[in-house]
Amino acid sequence: SEAAKEFGIQLEVMTAPSLDFLSGEHIAPQIIEAGLPDAIFAGNDALALGIMNYFHKVGIPVPGQVSVLGYDNVSYAESALVPLTTVSQTPYQLGATMGRQMVVELSAGDDHVHQHVVFQPQIIERASTKRRR
């Protein structure tokens, strides 16, 4: 929310009951009722795809009227009716690093120094988002 303030963007947070496709379809009417925003950043790709599916059913074009962004870069995000722009959290790199860290933790002595690893996520741009004027 600090970044939103810095760039003069109005940010509104809505909470879905869960992060799955059906929750996306169920929260979409609430999004419309609250006033369709320029863009939606969903908690994960399944939620984003459910929102997009509902919008498609009621004739709201994505990204024509609203941009939708997901998080996860799941394998089916690219093959959606409108390919989903998403944030990739590099799951292979996360898993490999966690595995190495676990081996080090299990074999370390009392003088072991814990590491804090930060990953840089990457936005994978696809057709579900477009720049607004």
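Because only heavy atoms are used, hydrogens play no part in the values below, and waters and symmetry mates are left out as well, while side chains stay in. As the structure is a prediction and not an experimental result, all values here were calculated from the model.
- Closest heavy-atom contact between A34 and E12: CB-OE2, 4.4 Å.
- Atom CD of E125 sits in a sparse spot, with 12 or fewer heavy atoms from other residues, nucleotides or ligands closer than 6.0 Å.
- Among the candidates V82, L69, T85, the single residue satisfying the side chain to side chain contact (heavy atoms under 4.5 Å, CB included) test with R126 is T85.
- Contact detail for L47 and S18: the closest heavy-atom pair is CD1-O, 3.8 Å.
- Formation of a donor-acceptor pair under 3.5 Å by the S23 side chain with backbone atoms of P17 is not found in this model.
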Q.
Go through it in stages, so that I can follow the logic: the residues are N73 and Q89, the test is side-chain contact (heavy atoms from CB on, under 4.5 Å), and I'd like the CA-CA distance, side-chain angles, deciding distance and then a yes or no.
A. CA-CA 8 Å; N73 195 26; Q89 52 183 342; over 6 Å; no
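- Rounded to the nearest 0.5 angstrom, I40 CD1 and I51 CD1 are separated by 5.0 Å.
- A continuous path of ILVMFWY side-chain contacts below 4.5 Å connects V68 to L36, so both sit in one hydrophobic cluster.
- Among all heavy-atom pairs drawn from V66 and P37, the shortest one is CG2-O, 3.4 Å.
- Note that NE2 of H56 is 11.0 Å distant from CD of E25, once rounded to the nearest 0.5 Å.
- Partner Y54 forms a side chain to side chain contact (heavy atoms under 4.5 Å, CB included) with one of I32, L49, I27 and no other, that one being I32.
- In this structure, F7 places its CZ atom where only 12 or fewer heavy-atom neighbours from other residues, nucleotides or ligands lie under 6.0 Å away.
- The hydrophobic clustering, which links ILVMFWY residues whose side-chain heavy atoms are closer than 4.5 Å, places F55 and Y76 together.
- The nearest pair of heavy atoms linking S128 to V62 is O-CG1, 3.6 Å.
- Heavy atoms of other residues, nucleotides or ligands lying less than 6.0 angstrom from CD1 of I123 number 12 at most.
- Under a hydrophobic-cluster definition in which Ile, Leu, Val, Met, Phe, Trp and Tyr are linked whenever side-chain heavy atoms come within less than 4.5 Å, directly or via other members, M52 and I31 are assigned to the same cluster.
- Separation of atoms CD (E78) and OG1 (T86) is listed at 11.0 Å; rounding is to 0.5 Å.
- The number of heavy atoms from other shown groups lying within 6.0 Å of CD (Q101) is above 12.
- Residues P63 and K130 share a closest heavy-atom pair of O-CE, 3.7 Å.
- Within a 6.0 Å sphere centred on CE of M98, other residues, nucleotides and ligands contribute 12 heavy atoms or fewer.
- Across all non-hydrogen atoms, the minimal contact from G70 to F41 is O-CE1, 3.4 Å.
- Not one N or O on the side chain of D45 forms a donor-acceptor pair closer than 3.5 Å with the backbone of A77.
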